[in-house]
Asks: 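What follows is a single structure, and I will ask about it in a moment.
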Amino acid sequence: IYIYTGVGVLYVPGSYTRTVPHFLICETTNIFFNLAWVLRAVGFKNLMVTIIEILFAISFFPVRIINLTLVLWLLQTQVLI
């Protein structure tokens, strides 16, 4: 996704590039998801995996749901433009 974001920034109006950090911040929740997936794949099913999954669930809501909804609403109402 970083490659597409980087290339896409070259072809959009300058005001839309203000949203790129918001989209990149959303990708930070993947760290917890992927780490838990790898640990489960190698056989760890203990408290550490559960804590990482809880961190993913806690970070997903504010970072993805609230942040992206706000940014897309601001783009739609052209507040960011």
Asks: Is it possible for you to say whether Leu35 and Phe44 belong to one hydrophobic cluster, with membership spreading through side-chain heavy-atom contacts below 4.5 Å?
Replies: yes

Asks: Going by side chain to side chain donor-acceptor pair (under 3.5 Å), name the pairs with one or both residues in residues 57-67, residues two or more places apart or in two chains.
Replies: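 Of all non-adjacent pairs touching residues 57-67, those that pass side chain to side chain donor-acceptor pair (under 3.5 Å) are His22-Asn67, Thr29-Arg64, Asn30-Arg64.
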
Asks: Quick one: side-chain contact (heavy atoms from CB on, under 4.5 Å) partners of Leu70, sequence neighbours excluded?
Replies: Trp73, Leu74

Asks: Please, which pairs that meet ring-ring contact (aromatic ring centres under 6.0 Å, His included) have at least one residue in residues 45-65, sequence neighbours excluded?
Replies: Phe33-Phe56, Phe56-Phe60

Asks: Determine all donor-acceptor pairs shorter than 3.5 Å in which one atom belongs to a side chain in residues 47-55; sequence neighbours excluded.
Replies:
residue, atom, partner, partner atom, Å
Thr50, OG1, Asn46, O, 3.3
Glu53, OE2, Arg40, NE, 2.7
Glu53, OE2, Arg40, NH2, 3.2

